[in-house]
Structure formats: structure tokens, C-alpha cells
Amino acid sequence: MADGLNMNGLSLKDSQHAPQQNGGFERSAYIPPHMRGSGAPPPGPPAGFDGGAAGPPPAQGMNGSAWAPQGNGYPTGPQRGNNWNAGAQTFTPRTGQSNGWDNSPQLPRGFDRNAYGGSGGGSSGGRQGGGDGRWQDGKHIPGPPNPRIERELFGEPNDPLKQASGINFANYDDIPVEASGDGVPEPVTTFTNPPLDNHLIANIELAGYKVPTPVQKYSIPIVMSGRDLMACAQTGSGKTGGFLFPILSQAYQNGPVAAAPQQAGFSRQRKAYPTSLILAPTRELVSQIYDEARKFAYRSWVKPCVVYGGADIGSQLRSMERGCDLLVATPGRLVDLIERGRISLSSIKYLVLDEADRMLDMGFEPQIRRIVEGEDMPRTDNRQTLMFSATFPRDIQMLARDFLREYVFLSVGRVGSTSENITQKIEYVEDADKRSVLLDILHTHGAGLTLIFVETKRMADTLSDFLINQGFPATSIHGDRTQRERERALDMFRTGRCPILVATAVAARGLDVSNVTHVVNYDLPTDIDDYVHRIGRTGRAGNTGISTAFFNRGNRGVVRDLIDLLKEANQEVPGFLETIAREGAGFGGGSGRGGRSGGRGRGSSAMKDVRSFGGGQRPAYAGGMGMGGAGGGYGGGYGAPQSGGYGMGGGGMGGGSYGNPSGPGANSWW
DNA sequence: ATTCCAG
């Protein structure tokens with residue numbers, strides 16, 4: 001259809017919006033993954049070009065603006081200093097209302113005043129949790145303590161439900177960490193000042209966190225020194241804090257940043273200019289991240305906001321009007337709000353992709369590319385980009401490099417990224433027998449929560465109906481249920497009122513529910529990484545968990561990856577798996593998706609920096625496990641570090657290594 | 001197959 005391009009957000013819309021120059025080229029020149037690197041022009045602007053914001057280019061020079069990483073003792077990230085402090089002059093903290101956050105003159109006063117802080121007396125915005133403080137005369141003035149909010153955010157002092165979220169690994173130090181890239185800063189070992197801001201530390205204490213998790217130890221100095229980050233960390237290892245802590249700490253120390261100059265008279269409407277944007281693939285995950293953000297923004301000048309679909313947009317808009325510094329969003333709703341002119345990304349300094357490999361997978365990549373490259377977000381030179389996931393297939397890493405600049409690659413935990421805390425069992429069960437085997441499991445299983453994964457929404461309904469008819473306290477969550485139903489199901493599960501939850505992939509990633517003692521893969525996913533994420537719903541925060549998967553010949557497409565994974569995690573490998581693997585999973589490959597993973601390329605790549613292999617190696621390289629120790633640095637082919645955001649260097653992307661036959665255009669979801 | 005605006 002004629003709208004095809006537009007649906008992906010890749011066309012030139014809004015021609016009044018920006019000087020086209022290179023930006024125009026970039027917008028219309030979307031190159032699908034499978035075409036990239038094969039002689040087609042690079043999708044981005046030349047190095048150093050600031051094609052992002054509309055209006056005049058930002059001021060040069062950094063002149064010690066408060067936002068620059070100065071107070072924390074870390075060096076500025078390579079080359080980013082230049083444009084980083086866009087509008088450094090306007091930033092100079094002004095007293096009074098607007099504090100320089102949003103200097104777009106066309107904004108109505110009311111919005112401007114509320115843009116941050118200043119709600120001082122009237123804590124009508126108390127609902128937001130964070131953001132009762134303000135930034136004044138170059139200083140952070142936290143709002144007064146609020147016992148009610150405090151209880152809401154952090155729970156009763158001895159509420160086990162809330163306390164459980166405080167991660168309590170007994171032996172953090174046993175977890176191996178590899179960091180690669182140029183000049184990786186030393187990890188921190190404690191939540192102390194320096195480098196962390198005292199107000200943040202106070203909130204961390206309220207939340208009951210004692211010691212940084214491994215991923216936090218590394219991510220804090222990496223982010224605070226201005227570097228980009230690709231972090232591969234085992235599930236339940238504190239990734240959310242890994243990005244929230246350094247981002248908020250910087251914000252508390254340095255205050256608001258001036259917005260990039262806005263196109264005059266563009267909009268009479270109220271428009272939010274967040275400086276941090278966190279994207280995640282499901283509404284529930286976004287909501288969970290937002291709840292965390294509220295904790296650590298408590299009493300601060302930073303106002304967190306959340307937007308996602310299926311919920312009343314009016315209340316989300318009103319909430320944004322009370323200020324929106326750190327925005328947590330699902331891609332669809334964010335695009336919607338951008339189109340309505342209610343959000344501008346021109347002030348973004350931090351972009352976070354949580355569950356980054358999913359966000360860059362076929363289903364999401366066009367939307368992400370549109371948000372990051374097709375709107376007014378600053379380019380890689382003028383923002384920091386952080387990506388987190390438990391799995392990071394190499395082809396997705398290659399894609400991710402489009403959005404990163406001289407990033408540090410961080411790998412925390414075991415290869416394959418499944419936790420040793422999870423005991424994985426695989427049982428051979430024919431489809432027809434699944435129900436009765438499941439009943440056996442549920443009968444023998446004691447206390448604790450059981451999460452059952454199926455492949456389709458329909459199956460989620462029928463199976464939960466079946467279980468309820470059998471007298472089990474079950475419910476379900478999937479994308480065809482209303483948001484209200486979804487949230488209720490999750491809440492019933494979380495609180496144990498409904499300890500059996502049947503779920504589709506919507507619950508596979510990131511959700512942090514304590515006390516999930518058993519994950520059942522009633523249907524195995526076709527992608528082993530999905531399996532990794534699913535079982536990661538148990539065994540969190542240092543607890544142990546059990547995972548049971550029903551396997552039959554319909555799953556032979558993942559048999560090879562599954563065996564590798566089990567071995568890597570020191571789990572028992574049942575004989576039938578080996579047998580079926582020998583039967584030749586190779587040809588039919590089960591219901592294999594023709595897409596990424598190029599065969600069995602995953603196994604060794606999930607926790608490895610692709611740069612270590614030399615740029616653009618094909619997945620056929622897989623199997624080689626032998627990446628050396630930590631700090632391996634760039635292998636050949638990473639090319640000149642200064643070559644801008646698209647530093648493919650020499651190696652190039654070896655034609656066709658993405659093997660994406662259909663391209664990303666096929667999605668017709670909206 | 002699944003996720004992601006509203007309708």
C-alpha cells in the first residue's frame with residue numbers, strides 16, 4: 001500500500017520540521033537489515049554531523065556546564081564533549097521558575113513553570129512520586145519527606161513483598177564480569193559519594209539495596225564517564241538500577257539541561273521535552289521500570305513519567321504536563337504521542353533500550369529506528385545510548401551498533417546467561433499428554449508461584465480455563481486481554497492470590513515477580529533466547545528456582561541450542577535430546593523461523609562482544625568458544641574508533657549475514 | 001507465533 005513506508009514511520013512527514021540536508025537523506029534512506037552493508041550507502045549522516053535537532057546547531061564547546069561529567073571525577077567520554085552540552089550558555093542555572101530546562105519561548109507559562117520542580121508547596125503532583133524537589137541556583141533542593149509516598153514507594157519497613165526486590169546475592173563476587181572496549185573505567189564497589197550523588201544514595205538506602213550488583217558496579221562508572229554501553233547481564237541481576245542509578249545521579253549533581261533550541265512557533269500545544277528516554281517491549285515491563293524510577297527519583301527535581309498503550313491517554317498527558325524529565329515508554333504509544341506533537345525528543349541525553357535484543361528484533365526494529373533516527377532525537381554524538389539484555393545475539397549486536405558510539409560491552413554472568421540458581425528439567429511430552437502432565441506437576445508442586453508459558457494467546461485462554469475448571473487458582477496474561485485484565489492478572493499472581501499464571505511471550509521478559517518458584521514451558525519457544533528469558537522469571541535475586549519444559553519432536557528446531565544451553569549451565573541433558581538432535585534437526589529445523597540466528601549461530605555469541613570477532617563475521621563462525629579473558633579489546637575489524645556512529649571499519653558487514661528474507665516491512669500490527 | 005496506538 002502507498003502508506004507502507006509511512007506505517008513504518010520511515011517516510012518524510014512533517015516537512016516543515018527540520019532542515020533536510022543530511023537529515024532528509026537519512027530519513028528517507030532506510031535500509032532494511034538484510035540490505036545493509038552490501039554496498040548501500042550508510043544510513044546515517046557523516047561523522048560528527050549533528051543532524052538531529054531542528055533549528056540552529058547547538059552551541060559549541062562545553063565550558064564546564066553542570067551537565068558535563070565533572071563532579072564525579074570521570075573523564076568525559078571520547079569526543080562527546082563538543083556538542084554534548086548543547087546550549088551550555090542557556091543552561092546556566094537560572095533562578096526562578098523555568099530554570100532553563102525548557103527555553104522554548106512558545107511554551108505556555110504554566111507548563112514551563114511546572115516543567116520541573118517548583119511544585120514545592122503544592123504537592124498536587126504527589127502522585128508522581130519523584131519530583132517534589134527542585135533545582136535552584138545551581139543546587140539540588142530535595143522536597144520534604146512524605147511518609148505516605150514513602151510507604152507507597154518503598155513499602156512497610158518489614159513488608160516482605162517489597163523487601164524482596166532488594167537484591168541480595170550472597171556472592172556477587174563469584175560472578176564473572178567481562179568488559180571490552182576502549183578505556184573501560186574501573187568498577188565501583190559501593191554506593192558511595194563519590195561518584196554517586198547523596199540524594200540518590202539516600203533513596204537507594206530507602207529501597208533496601210546494600211551493595212551494587214555486578215552489572216551496577218560496572219555500569220555506574222561507565223555511564224557516568226559519558227560512555228555508551230551494551231550490557232549483557234543475567235536475568236534478575238539488577239539491570240534497572242544499572243541504568244537508573246548513574247542517570248539519576250548525574251541529574252542530581254548537574255541539574256537540568258537546556259533543551260535544544262526548538263523551532264519557533266512550531267506548536268502551541270504543551271509539549272514535553274524529556275532528557276532521558278527508556279524504552280521497553282511490553283507495557284508491564286515499562287510500568288515496572290517506572291515504579292523503580294519513582295523510588296530513586298523520590299524527593300528529587302527529576303520527574304519520571306510513563307506512557308503505554310491500553311491505558312487512558314488523557315491521564316498520561318496530564319501527568320506529563322506536570323513535568324517529564326525521565327520518560328519510560330512502549331514504542332507504540334510513544335510514536336503516537338510524538339505524532340500528536342506532545343513529546344519532543346530533541347532534549348534527550350540518555351536513551352535506554354531495555355531488553356534491547358527484543359527491541360531490535362524484527363518486530364520492533366522499524367519502530368525503534370523511527371524513534372531514534374526518524375524523529376528529532378540527538379544523534380549518537382550528542383546523547384548516551386545504553387542497551388541492556390540478558391541475551392544479545394551477534395546479529396542483533398551488529399544492528400545495535402547503528403545506535404551506539406564507541407560503546408563498552410559488558411558481560412555479566414555465565415555464557416548463555418542462564419543463572420545457576422535455576423534447575424532446568426526437560427521432559428518428553430507429546431502434545432496430547434501435556435495437560436495431564438501439567439496437572440501432575442501442579443499437584444505435586446507446593447507453595448510458591450508457577451508461571452506457565454504457551455505460544456499462543458488462544459492457548460493461554462484455553463489452558464487457563466482448563467486449569468480453573470480443574471479447581472486450580474489460575475489466570476492468564478496475553479496481548480488480547482484488556483490492559484485492565486492484564487494488570488489485574490499480574491497483580492493477582494504477584495500477590496499470590498492467584499499463584500498460577502498462564503502467559504504468552506508478554507510475560508517472558510524482565511518482569512520481576514518474587515517467589516516464582518517454577519516456570520513451566522508448556523510450549524517451548526522457537527528461539528532459544530526466549531527460553532532463556534522465560535526461565536529467568538524464576539531464580540531471581542539470588543533465589544533458586546525450577547524450570548520444566550515439555551519437549552517433543554515439534555520442538556526439534558531448538559534442540560541443538562537447548563543442549564548447548566543446558567551444558568553451559570551445568571544442567572542434565574536427557575538422552576532423548578541427543579537422540580533427536582542426531583536424527584537431524586538440521587534440515588527441517590522444526591518450525592524454524594527463517595530470520596536471524598543464521599543456523600545455530602547463537603550459542604557462543606550471546607555473551608560475547610561481536611567486535612572481538614572482527615567486524616561483520618558471519619554467524620557461521622559460531623561454535624568457537626574461545627574468546628580470551630576480560631578486556632579483550634577490539635579484535636580486528638572494528639575500525640577507527642573515531643569514525644562516527646557507524647564505525648564499521650574495514651570488515652564490513654559481510655553480505656547477507658542478516659539473512660532476513662522478508663525484511664522489516666511486513667508488520668501490519670497497526 | 002508474540003509484542004506494540006486507537007479504533
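What you see below is based on every heavy atom in this structure, not just the backbone, and it leaves out hydrogens, waters and symmetry mates. First the proteins, then the strands, lettered A, B, ... as listed; each starts at 1.
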Practice task
Go through A:Phe453 and A:Tyr522 one step at a time and tell me if the ring pair (Phe, Tyr, Trp, His ring centres under 6.0 Å) criterion holds.
Solution key: CA-CA 6 Å; A:Phe453 282 105; A:Tyr522 189 89; over 10 Å; no
Handout entry: B:dC5 OP1/OP2 closer than 4.0 Å to side-chain N/O of A:Arg342
Key = no
Exercise for the section: Let me know the distance between NE2 of A:His533 and P of B:dA1, rounded to the nearest Å. Expected result: 22 Å
Problem - Nearest-0.5 Å distance, OG1 of residue A:Thr380 to CG of residue A:Leu404 - result: 8.5 Å
Problem - Short side-chain N/O contact to B:dC5 OP1/OP2 from A:Arg283, under 4.0 Å - result: yes
Problem - Rounded distance in Å - CD (A:Glu284) to P (B:dT2) - result: 16 Å
Practice task
Give the intermediate values and the outcome of salt bridge (charged side-chain N to carboxylate O under 4.0 Å, His left out) for residues A:Asp325 and A:Lys303.
Solution key: CA-CA 5 Å; A:Asp325 304 305; A:Lys303 291 184 185 298; over 6 Å; no
Problem - Shortest side-chain distance from A:His478, nucleotide among B:dC5, B:dT3, B:dT2 - result: B:dT3
Problem - Ring-face cation contact, A:Tyr407 with A:Arg401, 6.0 Å cut, 45° max - result: no
Fill in the blank from the handout: Whole-Å distance, A:Leu511 CG to B:dT3 P, equals 13 Å
Problem - Integer-rounded Å distance: B:dC5 C1' and A:Gln483 CD - result: 12 Å
Problem - Atom-to-atom span, CZ of A:Phe453 to C1' of B:dT3 - whole angstrom - result: 13 Å
Practice task
Identify which nucleotide among B:dT3, B:dA1, B:dC5 has an atom closest to any side-chain atom of A:Thr282, counting heavy atoms from C-beta outward.
Solution key: B:dT3
Exercise for the section: Could you check whether A:Arg534 gets within reach of a base, just the sugar-phosphate, or nothing at all, counting any heavy atom under 4.0 Å? Expected result: nothing
Completion exercise
Rounded to whole Å, the CG-C1' distance (A:Asp523 to B:dA1) equals 10 Å
Handout entry: Whole-Å distance separating the CE atom of A:Met359 from the P atom of B:dT3
Key = 15 Å
Handout entry: Ionic contact status for A:Lys271 with A:Glu321, cut-off 4.0 Å
Key = no
Exercise for the section: Using atom CG of A:Asp480 as one end and atom C1' of B:dC4 as the other, report the distance to the nearest whole Å. Expected result: 13 Å
Handout entry: Short side-chain N/O contact to B:dA1 OP1/OP2 from A:Thr504, under 4.0 Å
Key = no
